Amino acid sequence: MANAPEAPAAEPRFSELAQRLAAGSVDSLPDGALAEKLALAERERRRMRVKLGIDPTAPDIHLGHAVVLRKLRDFQDAGHRVVLIVGDFTARVGDPSGRSTLRPILSEEEIDANAATFQEQALTILDGSPELLEVRRNSEWLAMEMGALLALARTTTAAQLLERDDFAKRLAAGEPVSMLELLYPLLQGYDSVAVRSDLELGGTDQKFNLLLARDIQRAYGVPEQAVLTMPILAGTDGTRKMSKSLGNQIGVTDAPEEMYGKVLSIPDEAMGSYRELLLRGDEEGEGAETGAGARDAKHALARAIVTWLHSPEDAEAAARHFERVVVQGQLPEEVPEAVVAAVDGAVHLPALIESEFGMSRSDARRMIDQGAVSLDDHTLGRGDYDVPVGRLDGKVLRAGKRRFRRLRVD
RNA sequence: GGCGGGGUUCCCGAGCGGUCAAAGGGGACGCGCUGUAAACGCGUUGGCUCUGCCUUCGCAGGUUCGAAUCCUGCCCCCGCCA
């Protein structure tokens, strides 16, 4: 970095830098704030403090988080410091952003466990060197006294909070909004006061909270943060926000084959945004969006994502696995073994499927009846629930497309 | 505090004394087809020792041969008034 502390910030230079760093974002607010922050940091010869808060309400980081984490990484690569706040305290409150209902309350043990894996998984994307990453837990400052909480509550009015889109909508729809939820934006804002953030990142659904944090910082007499919002990544269904609770997520630590398959299951129309939000744009060509071209484009996308989060070798292997198991309907290279015990010389398949694949026996029976279960090449039919042991040893039981077990008779 | 509306299966939502394990949609799963775990079509979707039995319609009692449906009490949500 150049050092010209006395000279007024060379505006064009910082605007340009800010523009580059904000690439891919939806909003960079207020106008010009990011450039000023960059200039200020350089003038003071320090790194910018770039905040991201994540509530450890679910144990895994998914690609939706990855969009923002990747952007944070850009800031690290530019020499700035990421302050990752693990919301162990706010997880107990539950951010209602973009949700229509109250989150379930998690136990302290669950939160701790989630927080640990979160931190670890974030490092698959972030640079973990101490000067570039600071990890904090917001229970450090949010477990405050009642008096302090009241002071915080005084900073904001009910009208301000009710401006928030999802609160307003729920209210209008006659749905409950708890006081606890109303408090959430204040707590998140206080995080920004506590860590003196220069910039905070978040999804577009965080815009309100990120901006309110500025008001709270002002009320506490600390500099107001700039705000950068990133687009929301759709889940594997292609429409709703990716989230664990909707079951449409792709975890950053998902096994390569799993990750590959999940990417292929997104609707064709979602490919473009996946490419833009997750890859840097220079990885793979555009590819056609329809016909066989779409298939190839999607395979390329899956390969690129697995390469990013695992390795090129894993991506290769995952592609082979997919071709073999899904396209050609063959067995995977490795099939886990299951030891079966016979009763009266026969094995009750619904019971076996229940214990091996964790579904109910009724489900298992339905699958057998629907021709979804096979032993080697023989597809079972309606009512084939009991099979003599003699016919089982060494055979591969397949239930549905993706569940396999090689049977060994005890 | 008063008055009114409401809590149904994974979700939304119909049912309002038997024909209800409960319409319809979503989601999920399965089969077919295919360009992929896309799209489309068809089917399945409480559990089990499965042509029957058991459990479920906020919770607890009650009426009835019989209740998700009626009554009583309680809990929770929403609205209006205060």
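Within every chain, numbering begins at 1; the chains are lettered A, B, ... in the order of the sequence lines, protein sequences first and strands thereafter. Being a predicted model, the structure only gives us computed values, none of them experimental.
- Pairing of B:G79, defined by two Watson-Crick or G-U wobble distances under 3.5 Å, is identified with B:C3.
- Checked against B:C77, B:G35, B:A37, the side chain of A:Pro176 finds its nearest nucleotide in B:C77.
- In this structure, A:Leu301 places its CG atom 13 Å from C1' of B:A38, rounding to the nearest Å.
- Look at CG on A:Asn248: it is 15 Å from P on B:A38, rounded to the nearest Å.
- Here, B:G15 and B:A22 have their C1' atoms 8 Å apart, quoted to the whole Å.
- Formation of a donor-acceptor pair under 3.5 Å by the A:Arg49 side chain with backbone atoms of A:Arg81 is not found in this model.
- Separating the P atom of B:C75 from that of B:G26 is a span of 39 Å, rounded to the nearest Å.
- Heavy atoms from other residues, nucleotides or ligands lying under 6.0 Å from CD of A:Glu334 number 12 at most.
- When both distances must be under 3.5 Å, the Watson-Crick or G-U wobble mate of B:G66 does not exist.
- Rounded to whole Å, the C1' atom of B:U9 lies 7 Å from the corresponding atom of B:U56.
- Rounded to whole angstrom, the span from the CZ atom of A:Phe167 across to the P atom of B:C78 amounts to 14 Å.
- Pair assignment for B:A38: none, as no Watson-Crick or G-U wobble contacts are both less than 3.5 Å.
- The C1' atoms of B:U55 and B:A67 are separated by 16 Å, rounded to the nearest whole Å.
- Donor-acceptor pairing under 3.5 Å is lacking for the side chains of A:Gln76 and A:Asp127.
- For the pair A:Leu264 CG and B:A38 P, the computed distance is 10 Å after rounding to whole Å.
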If you apply the rule side chain to side chain donor-acceptor pair (under 3.5 Å), what do you find for A:Ser197 with A:Gln225, and how did you get there? CA-CA 6 Å; A:Ser197 56; A:Gln225 67 187 16; 2.6 Å; yes
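- Nearest heavy-atom pair, A:Ile232 versus A:Leu277, reported as atom, atom and distance to 0.1 Å: O-CD1, 4.2 Å.
- Note that the CD atom of A:Gln188 and the CG atom of A:Leu183 stand 12.5 Å from one another [nearest 0.5 Å].
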Hey, what are the protein-to-nucleotides 45-49 of chain B N/O distances that come in under 3.5 Å?
{"residue": "B:G47", "atom": "OP1", "partner": "A:Ser360", "partner atom": "OG", "Å": "2.8"}
{"residue": "B:G47", "atom": "OP2", "partner": "A:Arg366", "partner atom": "NH2", "Å": "2.6"}
{"residue": "B:C48", "atom": "OP1", "partner": "A:Arg361", "partner atom": "N", "Å": "2.9"}
{"residue": "B:C48", "atom": "OP2", "partner": "A:Arg361", "partner atom": "N", "Å": "3.3"}
{"residue": "B:C48", "atom": "OP2", "partner": "A:Ser362", "partner atom": "N", "Å": "2.6"}
{"residue": "B:C48", "atom": "OP2", "partner": "A:Ser362", "partner atom": "OG", "Å": "2.5"}
{"residue": "B:U49", "atom": "OP1", "partner": "A:Arg361", "partner atom": "NH1", "Å": "2.5"}
{"residue": "B:U49", "atom": "OP2", "partner": "A:Arg365", "partner atom": "NH2", "Å": "2.1"}

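- Ring planes of A:Tyr190 and A:Tyr220: perpendicular class, angle over 60° (limits at 30 and 60°).
- Close to B:G35, at under 4.0 Å from its OP1 or OP2, lies no side-chain N or O of A:Arg295.
- Residue pairs satisfying the ring-ring contact (aromatic ring centres under 6.0 Å, His included) criterion with at least one member in residues 366-394 of chain A, sequence neighbours excluded, are absent.
- Using C1' as the reference atom, B:C48 and B:C42 are 28 Å apart when rounded to the nearest Å.
- Taking a pair to require two hydrogen-bonding distances under 3.5 Å in either a Watson-Crick or a G-U wobble arrangement, B:A28 pairs with B:U44.
- Smallest separation of non-hydrogen atoms from A:Met259 and A:Gly251: CE-O, 3.3 Å.
- Separating the CD1 atom of A:Ile266 from the P atom of B:A39 is a distance of 11 Å, rounded to the nearest angstrom.
- B:G73 is paired with B:C59 under the Watson-Crick or G-U wobble criterion, all donor-acceptor distances under 3.5 Å.
- Among the protein residues, A:Glu323 comes within range of no part of the nucleic acid, since none of its heavy atoms lies under 4.0 Å from any strand.
- As rounded to whole Å, 14 Å separates atom P of B:A37 from atom CE of A:Met271.
- For B:C12 and B:G17, the P atoms lie 25 Å apart once the distance is rounded to whole Å.
- Comparing B:C16 with B:G7, their C1' atoms sit 15 Å apart, to the nearest whole Å.
- With rounding to whole Å, A:His299 atom NE2 is found 10 Å from B:A37 atom C1'.
- A:Asp55 is not listed as a side-chain neighbour of A:Asn114, based on a closest heavy-atom distance of 4.5 Å or more.
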Could you walk me through whether A:Gln206 and A:Glu200 pass the side chain to side chain donor-acceptor pair (under 3.5 Å) test, one step at a time? CA-CA 10 Å; A:Gln206 285 291 313; A:Glu200 177 163 4; over 6 Å; no
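- The P atoms of B:G47 and B:G30 are separated by 16 Å, rounded to the nearest whole Å.
- Figure legend. B:G17 is base-paired to no nucleotide; pairs are counted as Watson-Crick or G-U wobble with both atom distances under 3.5 Å.
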With 3.5 Å as the limit, what N/O pairs link the protein to nucleotides 23-32 of chain B?
{"residue": "B:G30", "atom": "OP1", "partner": "A:Arg403", "partner atom": "NH2", "Å": "3.2"}
{"residue": "B:C31", "atom": "OP2", "partner": "A:Lys401", "partner atom": "NZ", "Å": "3.3"}

